[in-house]
Amino acid sequence: MASLKRLHAPLAWLDGRWQRNVLLTVDATGLWSEIVADQPAAPDAEKLAGPVIPSLVNAHSHAFQRAFVGMAERREAGQDDFWSWRDRMYALALRISPEHLRAVATQLYAELLRGGYTQVCEFHYLHHPAEGQAFEDELDMAWALVEAAQDAGIGLTLLPVVYTRSGFGAAGLRPDQHRFSANADWAWRACQRVLAAGVPRVNAGVALHSLRGASPEDISRLLQQVGSHDVPVHMHIAEQTAEVADCLAATGKRPLQWLAEAGHLDARWQLVHATHAEPAEIDAVAARGAGIVICPGTEANLGDGLPDMPRWLAAGVPLTVGSDSQVTRGWVEELRWMEYGQRLALRQRNVASLPEQQPSSGARLFDAAVAGGAAAAGFAAWGLKAGARADFIVLNREADALRGLPDDTLLDAVVFGSNGSPWQSVWVAGRARPWRAPERVGDAFEAAMQALWRPGGSPPA
């Protein structure tokens, strides 16, 4: 068995504060075995050149949508909203192959690593060929994502999605959604196959597209399959006001209200977006221990609206962030806009701060995202703590945003004063990852983009 690996940091963010002279020990499996402050550097310890912070879990990603970034920022006529964006996005979803997906996802995952994420939760619903026939292996699209994550060096939690209907009361999916089709049995089988493959740094859970995309029977069947297995269960919910109105019309209840009152929620659940929530719904989610995933970059890009972040935080609901449609690909911008959206809406500053406990807005949001990442990815632990995977970021004190600042302002400077990634290195399982992906990754991505998009940027047929 390989020996322990020791690292020494002059400064590290532990237990919600900066601590000095931190000795970090990585075991032979790439997990933290011990982290202790106020320790001299052991003779065999590698000295890290800057302050250390945990990396984050990207708790919500649609990798294929990286190929759509920048392609939907025009309005030729009429009104543009989430639903018109979705119809344009489907044109890409109907075109992309496993080969395209692997190229696009590898590029994306390399970018996410540079953005400070070391685990990505892939909300995966591109299951079948667009043409209608079957893949040789029904998980060909899923394996393309696994291969991309391995190539990039990022951890992956694959979440096969149950998607059976186009809306409340619909009998099935629309023609342009047929490659998304998967019932509870299919999704659970896919989850079990991925777990059984035993690929390093790859985990799996399950997902339900939404209340409009999965029926009550689908939800019950999936949870019956999951049983007592400790796997994450993700779902889009309450992202759009039209979704809330449709749910009220169909069930007499709002989406979060319906889900909470159905008795399904527990600590395995991750509610993605949860943008349009009433106080009673927030309290109900908190009482059941479920977490939420906010995607501020995507929610702004799509015009979704703003969540009631102060109440979610006050209720103690686990919270983390995701890149979703990939218009932003680093957690700094997500946390920044989580706070800035509230400042604009409320005309206040430092909305996230908690003066008597954590006056730093950046630190409070960062700690929340670190803490919420474990359950979102399906891990028992995440961050700088024994038993968690040895993933972390080494900050660059010579970066313009951090130069000359007092230690206690560093996280605020990262979140609110930097241009994105003011760090020297990103580490996964005790190893520094290359800062740039190999040239072949970019070449493959460019080739996939050229195959997917016509000259001039018009959507694929």
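All heavy atoms count here, side chains included; hydrogens, waters and symmetry mates do not.
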- [ ] Give a yes or no on whether the backbone of Trp258 and the side-chain of Glu261 come within a donor-acceptor separation of less than 3.5 Å.
- [x]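 No.
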Salt bridge between [X] and [Y], side-chain N to carboxylate O under 4.0 Å?
{"X": "Asp44", "Y": "Lys5", "answer": "no"}
{"X": "Asp185", "Y": "Arg221", "answer": "yes"}
{"X": "Glu281", "Y": "Arg254", "answer": "yes"}
{"X": "Arg86", "Y": "Asp176", "answer": "no"}
{"X": "Asp137", "Y": "Arg193", "answer": "yes"}

TODO: Please name all residues satisfying ring pair (Phe, Tyr, Trp, His ring centres under 6.0 Å) with His229, sequence neighbours left out, ordered by chain then number.
DONE: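 Once residues adjacent in sequence are excluded, the partners of His229 under the ring pair (Phe, Tyr, Trp, His ring centres under 6.0 Å) criterion are Trp188.
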TODO: Return the set of residues passing ring pair (Phe, Tyr, Trp, His ring centres under 6.0 Å) with His100 (not counting sequence neighbours), or none when no residue passes.
DONE: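 His100 satisfies ring pair (Phe, Tyr, Trp, His ring centres under 6.0 Å) with no residue once adjacent residues are dropped.
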Task: Student check: side-chain heavy atoms of Phe445 and Thr106 closer than 4.5 Å - done: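 Answer no - side chains too far apart.
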Task: Test of ring centre spacing under 6.0 Å for His236 and His273 - done: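 When the ring centroids of His236 and His273 are compared, they turn out to be within the sub-6.0 Å range.
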Open item on the list: So, taking the atom named OG in Ser323 and the one named CG in Leu108, what distance separates them when rounded to the nearest 0.5 Å?
Closed with: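 Output value for this atom pair is 6.0 Å.
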Open item on the list: Can you confirm if the NZ or CZ of Arg431 lies within 45° of the ring axis of Phe392 and under 6.0 Å from the centre of its six-membered ring?
Closed with: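 So Arg431 doesn't make the cation-pi contact.
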